[in-house]
K.L.:
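Pasting in a structure now, in C-alpha cells, and then I'll have a few things to ask.
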Amino acid sequence: MQLRADFDAIANWVTPSSSLLDLGCGDGSFLEFIRIKRHVKTYGVEIMDASVLACVKKGLNVIQQDLEGGLALFEDQSFDTVVLSQTLQTIHQTERILREVVRVGKQCVVSFPNFGHWSHRYAVALGRMPVSKSLPYEWFNTPNVRVLTIADFEALAHKLGIDIMGRVVLHEGKVVQWVPNLLGSLAIYRVRGTQ
Amino acid sequence: MTELHLLKQTIHFVEPLPLQSGTSIENYDLVVETYGQLNAKASNAILICHALNASHHVAGVNPDDPSDIGWWDNMVGPNKPIDTNRFFVIGVNNLGSCFGSTGPMSINPKTNLPYGASFPVLTVEDWVNAQVRLADRLGIKQFAAVMGGSLGGMQAMSWATQYPERIAHCVVIASTPKLSAQNIAFNEVARNAILSDPDFHGGDYYKHGVVPKSGLRLARMVGHITYLSDDDMAEKFGRDLQRAAGAPDEYRFSFDVEFAVESYLRHQGDKFSGYFDANTYLLITRALDYFDPAKRFGGDLSQALSPAQAHFLVVSFSTDWRFSPDRSREIVKALLDNKANVSYAEIDAPHGHDAFLLDDARYHKLVRAYFEKVAEDRCN
C-alpha cells in the first residue's frame, strides 16, 4: 500500500505509547500506520459511513461525527497528539476547528495542500483553477471549501495565538527547504495552544 | 453450514437473588434460547439482552409456533451479522417478564398463588446479576460480547461496569445513560392507563379471571408512538383516511377510526394486549425509569463507566427521538473520558427508535464488520 507522504513526517513528532486523535481519519490508514509504528492509543473521527466502516473493519476506534460541530466529545488537553491531516481545507468553521484542535491536543499536527505551490499559481495565471496531485479535483467537485497557502496559515495561527513548534513542507514526498510557499505542495505543522 | 442449532431451555435457580430494592427472589426460572455451539474454550459466547416487550426468542422459528420468528432474526443467525456459525448466542427472558421466566404471572411457591402485585420491583442491575448466574451455570467465564438495543443496551452497559472482567465487547444500540423527564412522562402515561383500568385490581387481576386489557392496549399505543419517527409516520400513514376500497374519501364526523394511523395504533394495541402481561409492563417501564448508573456518582457518568474494560460499539439512529443520538454521545463521551476503546456510529435512518430492529444495510454492515473482528479474537 502506498503510504501518504506526510505519515512519516507526522510519526516523527509522536511519542511512543502516547494517545492520538485523528480528525477526519478517512479509512484509518494513518491510524493503522501510527498505531503499529509508535504503539499509541488511537481514536479517529470521521463523518462518512464508508470510512467509519473501513475503520471498524481494521479494528480501530472511530467516532462518527461532523467536525463542523466542534469537539464537544473531547475534554481539554485530553490527547497527547491531535492530528488534522489534509482536512482543514474541507471545513467551513476554520477558526473554530483550529481553536478546538489546540484545546483538545497537548500538541497538534495540522497538514494541508499548499495552494501557493508554483504550479497552482501558474494555472491561475493562465486563467484556470489548479488541478494537480495535491489538488486532484475540479473547481466544481472539490471537497475543499477553504483555499490557503503556507503564508496564510501562519498568519491565521498568529492571529489565533497558536504556537508553531515545527514545520515540514513536502513536494512529491521530498522535503522542500527552499522557498517552501512556492515549491512545496503539502505543508505539515506541529502546533500547540498558548493558553 | 446453515443450521441455527436453536435450543430452548428453562433453567431453575434455587438460591435467593438479592435485589437492589433490598428484597430478594428465590426459586425462580429463566427461559433461555441458544443458537450455535459453544467452543471448547467457552470464548465465543454472546449474550443478547432484550428490550421492553421482547423475549429469549431472538432468532429462528419458535419450535412451538412456526409463525413466531425471533425478534432479532435479521441480526442473529447463520451468516447473519452475528454469525451463529461462529458464535454461541444466548437469548434470555429477564426476570419479571412474561414469556416463561419467573414474573408477576408466575406462581409464588410460598403462597401457591400468582405473585401479582407482590412481585418485587426490579432494576437493570438486578437483571444483570441474574444473567451472571446464568453465565455461571452455562460455564461462561467471559462473554465475547454482551449486546442489546434500547433497554437491552442498558443491560450491556451495566455488564461492562458491574462485571468488567466478564465481558470483552459491549455493544450498545439506540440506548441512553438515563431516561429524560420526557421519557419518564411517556412511561407514566402508559402505567397510568394500566393502573386506572378497573380490571387491574391492584395488580392481582389473575385471581379475578380478568386482565386490564384496555389499559395495556392504551399503554402500548402511547409507547408505540415513541418508537416511530414523525417522518416515518408521515410516510406510512400521512393523513390517509381508513376507508374500504372505493369508499368516498370524506370525513364521517365520528369518533370511530377515521385515519389510517388510528387503525394502526389500535391494531398494535390489540395485538400487544393479547399476549403481554400488564404487571410486566409496569415493572419493565419502571426499570427503564430507574436506570441511571451516574446517580451514585453525583451525576458523573464518566466516573460511573470508569470500571469498564470492554471494547465498546455504540450505535444511534438519526431520527430516534426516544433515545436520540445525543444520548448515545453522552455514553461515548464518558467512555472517551476514560480512554476506553470505543467506536460510535450514527446511522442515518428514517425509522426512529424502531430502526435498531429493522434491516438497514449500513447498520448491519457495521455490526457485521465489528463482530468479524470479535470473531478473530474469540472464535478459535
K.L.:
Can you tell which part of S19(A) gets under 4.5 Å to a heavy atom of chain B, answering side chain, backbone, both or neither?
P.N.:
side chain
K.L.:
Does the Lys NZ or Arg CZ of K339(B) fall within the cation-pi geometry relative to F79(A) - under 6.0 Å from the ring centre and within 45° of the axis?
P.N.:
yes
K.L.:
Measure A50(A) against the heavy atoms of chain B and call it side chain, backbone, both or neither at under 4.5 Å.
P.N.:
neither
K.L.:
What are the residues of residues 293-332 of chain B, in order of number, with any heavy atom under 4.5 angstrom from a heavy atom of chain A?
P.N.:
R329(B), V332(B)
K.L.:
Working note: K41(A) + N341(B), criterion side chain to side chain contact (heavy atoms under 4.5 Å, CB included); need CA distance, chi angles, decisive distance, verdict.
P.N.:
CA-CA 9 Å; K41(A) 174 119 196 182; N341(B) 287 301; 3.5 Å; yes
K.L.:
Side chain, backbone, both or neither: which part of D337(B) has a non-hydrogen atom closer than 4.5 Å to chain A?
P.N.:
side chain
K.L.:
Atom OH of Y344(B) and atom CG of L73(A): how far apart are they, to the nearest 0.5 Å?
P.N.:
8.5 Å
K.L.:
Which atoms of K333(B) are under 4.5 Å from chain A, going by heavy atoms: the side chain, the backbone, both sets, or neither?
P.N.:
both
K.L.:
Nearest 0.5 Å, please: how far is CD in E346(B) from CD1 in I63(A)?
P.N.:
11.5 Å
K.L.:
Identify the two heavy atoms, one from L60(A) and one from S343(B), that lie closest to each other, and give their separation to 0.1 Å.
P.N.:
O-OG, 3.1 Å
K.L.:
Under the side chain to side chain contact (heavy atoms under 4.5 Å, CB included) criterion, do V342(B) and Y43(A) qualify, and how do the steps go?
P.N.:
CA-CA 8 Å; V342(B) 53; Y43(A) 294 83; 4.0 Å; yes
K.L.:
Give, as side chain, backbone, both or neither, the part of K57(A) having an atom under 4.5 angstrom from any heavy atom of chain B.
P.N.:
both
K.L.:
Check whether L366(B) gets within reach of chain A through its side chain, its backbone, both or neither, counting any heavy atom under 4.5 Å.
P.N.:
both
